[in-house]
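Below you'll find the structure, written out as structure tokens, and then a few comments.
Each ligand, and each atom within it, is numbered from 1 in the order the structure gives. This one's a predicted model, so the numbers in the text were calculated from it and none came from an experiment. Values reported hereafter were calculated over all heavy atoms of this structure, with side chains retained and with hydrogens, waters and symmetry mates removed.
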Amino acid sequence: MKTTSDFLKMKVAGEKIVMLTAYDYPAAKFAEEANVDMILVGDSLGMVVLGYDSTMPVTVADMVHHAKAVRRGAKETFVVVDMPFGSYHGDVHETLKTAVSMMQETGADALKLEGADDVLPAIRKLTSAGIPVVAHLGLLPQSAGVLGGYKVQGKTAEQATKLIEDAKKCQEAGACAVVLECIPHQLTEMVSANLIIPTIGIGAGVEADGQVLVYHDMLSYGSHHVPKFVEQFSNMGQEASHGIASYVEAVKAGTFPAPKHFFTMKEETLDQLYGGVK
Ligand SMILES: Nc1nc(=O)c2c([nH]1)NC[C@@H]1CN(c3ccc(C(=O)N[C@@H](CCC(=O)O)C(=O)O)cc3)CN21
Ligand SMILES: CC(C)C(=O)C(=O)O
Ligand SMILES: [Mg+2]
């Protein structure tokens with residue numbers, strides 16, 4: 001299994017880090033088999049798996065439930081779990097307690113927290129307690145209400161300067177990597193050059209040290225709105241709906257199940273059952 005120090009080495013060597021989200025056992029297995037470097041159990045599961053229209057309703061219990069399934073499917077891959085909305089903005093001792101239980105219950109390798117500023121003490125606290133932390137800057141879906149929606153961040157010189165400073169502060173606080181979401185690619189280049197820890201981009205250009213995408217987006221598996229930064233690498237949703245439509249048709253037509261799907265009784269048992277007469 002790769003560790004945080006391998007990710008630092010990959011950055012130095014210029015080897016791209018591939019991260020993919022997963023929310024269940026089969027997805028985790030597929031990711032591990034394809035040599036994904038890091039799996040993210042993202043709170044985006046609230047949207048793509050649970051059908052909410054934001055990540056706000058997702059709870060620690062939801063994250064734990066899905067992360068346990070992912071861990072069972074990918075025992076040899078570095079697994080990062082999102083701390084959900086509202087679970088790390090209270091007292092740092094409370095945050096540490098929540099983080100410890102998330103780590104112990106799921107067997108995760110790291111936790112991810114959105115933001116800098118008042119989140120820095122939590123990053124410091126968790127790291128010093130031995131929990132690797134991935135930071136997350138730029139578009140913060142858990143603050144979409146405050147940001148005014150899912151919009152590109154860091155477009156002005158002032159915002160960009162703040163983001164570079166925030167990234168450095170996250171690194172100083174002990175973060176082992178930082179996710180950069182929806183920022184101009186030139187800013188990604190600057191942040192990446194200013195940090196020792198790797199940057200993992202989503203909608204942040206090719207200059208990041210790694211990339212992350214949401215499983216359901218990159219496979220076109222039922223996610224309704226697909227952001228501009230997504231490439232659809234397969235068409236799973238279409239495969240699924242065609243498969244289900246064929247099943248419905250076959251049952252209605254009586255062509256499924258076919259004899260190869262039947263279980264059959266012996267002739268002599270049938271004779272006993274009928275008492276020799278039908
Ligand atoms: N399915 C899914 N994919 C994601 O990547 C994702 C989630 N859900 N949920 C949590 C966050 C929210 N994310 C999103 C969602 C939408 C846009 C989006 O539509 N952005 C606009 C750009 C808006 C602008 O121009 O400022 C776009 O057209 O891509 C961006 C990030 C990323 N994360
Ligand atoms: C979009 C990624 C980075 C994320 O935080 C998630 O999937 O929840
Ligand atoms: Mg998230």
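Nearest protein neighbour of atom 31 (C) of ligand 1, counting heavy atoms only, is L139 CD2, 3.4 Å. When only non-hydrogen protein atoms are considered, atom 28 (O) of ligand 1 lies nearest to K228 CB, 4.0 Å. The protein non-hydrogen atom at the shortest distance from atom 13 (N) of ligand 1 is E181 OE2, 3.3 Å. At the shortest separation from atom 30 (C) of ligand 1 among protein heavy atoms lies F229 CE2, 3.6 Å. Atom 11 (C) of ligand 1 has as its closest protein heavy atom P141 CG, 3.4 Å. If you check which protein heavy atom lies closest to atom 9 (N) of ligand 1, you get M47 SD, 3.1 Å. Looking at atom 23 (C) of ligand 1, its nearest protein heavy atom turns out to be Y150 O, 3.4 Å. Counting only heavy atoms of the protein, atom 19 (O) of ligand 1 lies nearest to H225 NE2, 2.8 Å.
Proximity to K151 (heavy-atom distance under 4.0 Å) selects the following atoms of ligand 1: 26 (O). Close approach of ligand 1 to V48 (heavy-atom distance below 4.0 Å) involves ligand atoms 1 (N). Near S44, meaning under 4.0 Å from one of its heavy atoms, ligand 1 places the atoms 7 (C), 9 (N). In the vicinity of G42, heavy-atom distances shorter than 4.0 Å reach the ligand 2 atoms 6 (C), 7 (O), 8 (O).
Looking at E114 next to ligand 2, no N or O pair under 3.5 Å apart turns up. In terms of N/O distances under 3.5 Å, ligand 2 is approached by K112. Geometrically, ligand 2 and T21 share no nitrogen or oxygen pair separated by less than 3.5 Å. Polar contact with ligand 2: present for D43 (N/O pair, distance under 3.5 Å).
When all heavy atoms of C176 and P132 are compared, the pair lying nearest together is SG-CB, 4.2 Å.
Counting heavy-atom neighbours within 6.0 Å of K16 NZ, excluding the residue itself, gives a total above 12. Surrounding CE of M1 are more than 12 heavy atoms belonging to other residues, nucleotides or ligands, all under 6.0 Å away. Within 6.0 Å of the NE2 atom in H261, the count of heavy atoms belonging to other residues, nucleotides or ligands exceeds 12.
For the pair H216 and ligand 1, no heavy-atom separation below 4.0 Å is found. In this structure, I202 counts as a contact residue of ligand 1, since one of its heavy atoms falls inside 4.0 Å of the ligand.
Among the atoms of E114, none of the N, O or S atoms falls under 2.8 Å from the Mg ion (ligand 3).
Side chains of S220 and Q232: a donor-acceptor N/O pair is present below 3.5 angstrom, by distance only.
Which of V214, V152, D217 comes nearest to atom 24 (C) of ligand 1 through a heavy atom is settled by distance: it is V152.
Ring-plane geometry between H66 and Y23 is classed as perpendicular, the angle between the planes exceeding 60 degrees on a 0 to 90 degree scale with a lower cut at 30.
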